[in-house]
Number of protein chains: 2
Amino acid sequence: MTDVQILSREPVTPRRRDAQATRAAILEAAKAQFARLGYDRAGLREIAAEAGADVSLIKRYFGGKEGLFTEALKASFQPDRLKEWDRAAFPADIATMMADAPADEARTHSFQFLLRAATSPTTAPLLNLAVQERFLLPIREWLGGADVHARARVLAAVFIGFLVERLIRGEALEGREREVFMAHVTATFDALLGGG
Amino acid sequence: MTDVQILSREPVTPRRRDAQATRAAILEAAKAQFARLGYDRAGLREIAAEAGADVSLIKRYFGGKEGLFTEALKASFQPDRLKEWDRAAFPADIATMMADAPADEARTHSFQFLLRAATSPTTAPLLNLAVQERFLLPIREWLGGADVHARARVLAAVFIGFLVERLIRGEALEGREREVFMAHVTATFDALLGGG
DNA sequence: ACATTATGTCAATGAGCGTTGACTTACCGC
DNA sequence: GCGGTAAGTCAACGCTCATTGACATAATGT
C-alpha cells in the first residue's frame with residue numbers, strides 16, 4: 001500500500017498523432033462491428049481495439065455510442081454504383097446474383113447493417129430518412145418514366161426481399177430450382193423496368 | 001431506521017401454483033418482448049414481470065435467456081393460416097396490406113422477431129431450418145403446381161421484401177402512389193400464382 | 001397428519017459496458 | 001527553443017442485467 005510503483009512509461013511507442021486517420025479507423029472498425037454484431041453486442045472497447053485506438057477517443061470524436069452508430073450508418077450507404085448497371089442486363093444479372101450464395105464482402109456487411117438497423121425501434125426512424133435520400137432517390141433517377149415514386153418503392157422492396165432470402169438460404173441454388181428461380185426473378189424485374 | 005418493519009407476509013396472494021400456466025405465460029411474454037426489443041434489449045426481469053412470474057423461474061423452466069429465446073423463436077411460427085387465404089383474392093389483399101401502415105399486432109411482432117433473428121449470426125442457422133420446415137413447406141403445399149420449390153422461394157422473398165419496405169416506410173401510402181404501388185404488387189403476385 | 005416434492009420468492013453476486021475525468025506527451029506556431 | 005493545444009492514455013465509477021443459491025410454502029401422496 002505504501003509505495004505504489006510509479007510505472008515508468010514504457011517504450012509503448014504511442015500512437016502516431018493523426019486525428020483524421022484515427023477517426024477514420026474508428027469509423028471503419030465501427031462499421032464492421034456493427035454489421036457483424038449489431039448495435040447492442042458491438043462493444044466500444046472492441047471497436048477501439050480493432051482501430052488501434054483508445055475507447056475515450058470515441059467519445060471525443062463521436063460523442064458516444066449512438067453518435068458513432070449514426071455516423072457509421074450514414075457511411076454505409078455506398079455512392080450507389082447503380083448507374084453502372086446496364087438496364088437491359090439488369091434483371092438477368094440480379095437473378096444470377098440472387099441465385100448464388102451470399103458473398104461475404106463489405107457489401108453483405110453493409111446490407112446486414114442496414115437490415116439490422118431497420119429492425120431496431122431505436123434506429124428505425126433514422127434509417128427511414130437515410131433510405132429515402134440515399135436509396136430511393138437514386139433508384140428513382142435511374143428508373144425514370146412515369147410514377148417513379150411507386151415503382152421505386154416496389155423495386156426496392158423486391159430487391160431487399162431477395163437479399164434477405166439469399167441471406168437466410170446461405171448457399172447457392174442449383175439445377176432446375178436455380179433455373180426456375182432465376183426465370184421468375186428476371187421476369188419480376190423486367191415487369192418493373194418496363195414501366196407501367 | 002431502528003425497527004425495520006418485518007413485513008408480515010402480506011396478503012400477496014402468492015401466485016397460484018401451476019407450472020404449465022406459468023411457463024406458458026413466460027413464453028408468451030418472451031415472444032412479445034423479444035419481438036419488440038430484440039434479444040439484447042429484452043430483459044428477463046421485464047419478461048418475468050409481464051408474465052407475473054419471477055425471474056428465477058426462467059432459469060428453471062428454460063435454462064436461461066438463450067433457451068427462452070430459442071423456444072420463443074420456435075413458438076413464433078404460426079400454424080400458418082395460409083390456407084384461409086383465397087387464392088383469387090390473395091394478390092389484391094396483400095397489396096392492400098402492404099400499402100397500409102404496418103399494423104402493430106402480434107403478426108408484425110412475429111415478423112420483426114424473425115427478421116431480427118435472421119440478422120444475427122448466432123441465431124441465423126437455427127432460423128434457416130425453421131424457415132424451411134415451417135414457412136417454405138406450407139407455402140409449397142398451398143402453391144401447388146410445377147416447380148413449387150423455386151416458386152415458393154420467390155414468393156417468400158417478395159413477401160418478405162414488401163414487409164421490410166412497409167416496416168421502414170412506417171406509414172400508409174396515399175393517392176396515386178398508393179394505387180400504382182398496389183397495382184404492381186398485385187401484378188407481381190399474380191404472376192407467381194399463375195404458375196410458370 | 002405428515003413428509004416430500006414441486007412451485008414460487010427474495011436478495012446478492014459478479015461480469016460487462018458506456019461513460020468520464022485526470023493525466024501525458026507529441027506536435028506546431030511563434 | 002518554448003509554450004500551448006490537441007491527441008492519446010489510463011484508471012475507475014456507476015449502472016444494468018443475467019445468473020445463482022438459499023429460503024418459504026402450497027400441493028400431493030401415503
TODO: Could you list the residues that satisfy ring-ring contact (aromatic ring centres under 6.0 Å, His included) with Phe159(A), not counting sequence neighbours?
DONE: none
Open item on the list: In whole Å, I'd like the distance from the CG atom of Leu57(A) to the C1' atom of dG8(D).
Closed with: 6 Å
Task: Gln20(B) CD - dA6(C) P separation (whole Å) - done: 15 Å
- [ ] Quickly work out the Glu46(B) CD to dC17(D) C1' distance and round it to whole Å.
- [x] 12 Å
- [ ] Could you list all the side-chain hydrogen bond (donor to acceptor under 3.5 Å, both in side chains) pairs where at least one residue sits in residues 88-99 of chain A, not counting sequence neighbours?
- [x] none
Task: Donor on one side chain, acceptor on other, Glu50(B) and Gln33(B), under 3.5 Å - done: yes
Any protein N or O atoms within reach of nucleotides 13-20 of chain C? Criterion: under 3.5 Å, listing atom names and distances.
{"residue": "dG18(C)", "atom": "OP1", "partner": "Ala42(A)", "partner atom": "O", "Å": "3.2"}
{"residue": "dG18(C)", "atom": "OP1", "partner": "Lys65(A)", "partner atom": "NZ", "Å": "2.8"}
{"residue": "dG18(C)", "atom": "OP2", "partner": "Leu44(A)", "partner atom": "N", "Å": "2.9"}
{"residue": "dG18(C)", "atom": "N7", "partner": "Arg45(A)", "partner atom": "NH2", "Å": "2.9"}
{"residue": "dG18(C)", "atom": "O6", "partner": "Arg45(A)", "partner atom": "NH2", "Å": "2.7"}
{"residue": "dT19(C)", "atom": "OP2", "partner": "Lys65(A)", "partner atom": "N", "Å": "3.1"}

- [ ] Measure from the side chain of Arg60(B), starting at C-beta and using heavy atoms only, and say which of dT9(D), dT25(C), dT9(C) lies closest.
- [x] dT9(C)
Open item on the list: Arg140(A): which residues meet the salt bridge (Lys or Arg N to Asp or Glu O under 4.0 Å) condition with it, sequence neighbours left out?
Closed with: none
- [ ] Among residues two or more places apart or on two chains, list those pairs meeting ring-ring contact (aromatic ring centres under 6.0 Å, His included) that have a residue in residues 23-46 of chain B.
- [x] Phe34(B)-Tyr39(B), Phe34(B)-Phe69(B), Tyr39(B)-Phe69(B)
Task: Value in whole Å for how far the C1' atom of dC28(C) lies from CZ of Arg17(A) - done: 12 Å
TODO: Please collect all salt bridge (Lys or Arg N to Asp or Glu O under 4.0 Å) contacts where either partner lies in residues 51-64 of chain A, sequence neighbours excluded, each pair once.
DONE: none
